[in-house]
Amino acid sequence: MNKQLILDQVTVQYDAIAAVSNASFSLAEGEIGCLLGPSGCGKTTLLRAIAGFESLASGNISLHGDFISTPKRTQAPEDRAVGMVFQDFALFPHLNVRDNIGFGLSKLSAGEKTQRILEMLELVGLVSVAERFPHELSGGQQQRVALARALAPSPQILLLDEPFSNLDAELRTQLAAEIRTLLKKNKVTALLVTHDQDEAFAMADKIALLNAGKIVQIDTPYKLYHKPGSLFAADFIGKGTVINVGIDAAGLLGNNLGSLSINALPEDLGNTVKLLVRPDDIAYDETSDTTLAIVSKSFLGPNYLYELALKDGQRVPCLTHSHIDIPVGNELPVRFDLRHVVIFNPD
Ligand code: ATP
């Protein structure tokens, strides 16, 4: 598959300070990527560099085979075939939906423009509100207008900067999944910036996880969740706790946790490991002799998320059906399912 976007060793500096260092990342045509990471890690800076709002200190960016940014030359934002959807949607308040969508289509003839606007209105399901103004629309509808406006000039890549953060939680993941379907159907290459992993998981084929200006892992949502390559990734992605556990040569763990298959263990392991324990690695089992004290619990509707204490005091999570309703302070009978735990060397 052809590469639509390539970032090669990109460094962006504000004054002498690098906000992003040596970032390399690529997207194939039609692929949806995501830049994910905590506040201040450099996501927006990278997106702005791709859009042409920041110049590069080193490295280069190419789009559809053309270099659009090098340290010597930054092609102007309006000259790159890039569509943007901003956090606050940035719709023109004095233009109705139709004219907002048609704003970037000045190169088309009047007939072509009308046709393209209609296609976009149909694409995002807003034909019936075409004459309304932005303040007469719901947040979700405004977001679709922003999307239609960005897609109308057929950009080579669509950039989305925290596009769901102004919407309520329920709408967010629903819209993320809907927009993914729409982009996939139309083979749009897109890059999303978010600090919300649920949005990243719902939208992206591939996620670049950033920490302190560096890309620390590029993977599918599944791999990032199940095979985090670092303690940072393990901690940032998903719910779970990293615990320290003693281990012997046969793979037997301390704290009565059971055994790990020694074939799965790194060779240079000492006699302690760090284990990433996800809530689904510990199962409620009323027939089990192993019980752990309940420290706290939160009701999630279909589930309870229990916080349990191991014998040495370290805390681990356990997800049960919400019909398993045992008071804090009591013991929960559990079974450890260690097939999927992630093992880190303590160093
Ligand atoms: P958030 O999720 O909070 O938006 P982010 O991951 O998008 O964060 P950036 O906005 O890219 O992070 O910022 C990366 C770093 O660059 C931060 O340390 C920030 O303070 C710094 N920075 C961002 N913009 C500027 C600027 N115009 N001048 C100087 N420093 C900046």
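All values below come from the heavy atoms of this structure, side chains included, with hydrogens, waters and symmetry mates left out. Indexing begins at 1, ligand by ligand and atom by atom, following the structure's order.
- Residues Ile61 and Val10 meet the side-chain proximity criterion, which asks for heavy atoms closer than 4.5 Å.
- Checked against salt bridge (Lys or Arg N to Asp or Glu O under 4.0 Å), Arg149 has no partners two or more places apart in sequence or in another chain.
- In this structure, the protein non-hydrogen atom closest to atom 23 (C) of ligand 1 is Tyr14 CE1, 3.4 Å.
- Counting atoms of ligand 1 from 1 in the listed order, those under 4.0 Å from a heavy atom of Ala19 are 15 (C), 16 (O).
- Among protein heavy atoms, atom 14 (C) of ligand 1 sits closest to Gly40 O, 3.4 Å.
- Here the side chain of Tyr306 pairs no donor or acceptor atom with the backbone of Tyr284 at under 3.5 angstrom.
- For the residue pair Asp285/Thr287, the side-chain donor-acceptor check at 3.5 Å is satisfied.
- Using a 4.5 Å cut-off between side-chain heavy atoms of Ile, Leu, Val, Met, Phe, Trp and Tyr, Leu209 falls into a hydrophobic cluster with Leu36, Phe201, Ile207, Val216, Leu224, Tyr225, Phe232, Phe236, Ile237.
- Taking only non-hydrogen atoms, the option from Lys43, Gln13, His195, Glu54 nearest to atom 2 (O) of ligand 1 is Lys43.
- With respect to atom 9 (P) of ligand 1, the closest heavy atom belonging to the protein is Thr45 OG1, 3.5 Å.
- Looking only at heavy atoms of the protein, atom 3 (O) of ligand 1 is closest to Ser39 OG, 2.6 Å.
- In this structure, Arg132 and Asn96 have side chains that are not in contact, with every pair of non-hydrogen atoms separated by 4.5 Å or more.
- Protein heavy atoms are absent from the 4.0 Å sphere centred on atom 20 (O) of ligand 1.
- The closest heavy-atom contact to atom 7 (O) of ligand 1, among the options Leu46, Thr44, Asp196, comes from Thr44.
- Taking a cut-off of under 4.0 Å to the non-hydrogen atoms of Pro38, the atoms of ligand 1 that pass are 6 (O).
- Ligand 1 is approached by Gly42 to a heavy-atom distance shorter than 4.0 Å.
- Side-chain contact between Ile6 and Ser26: present, with at least one pair of heavy atoms (C-beta onward) separated by less than 4.5 Å.
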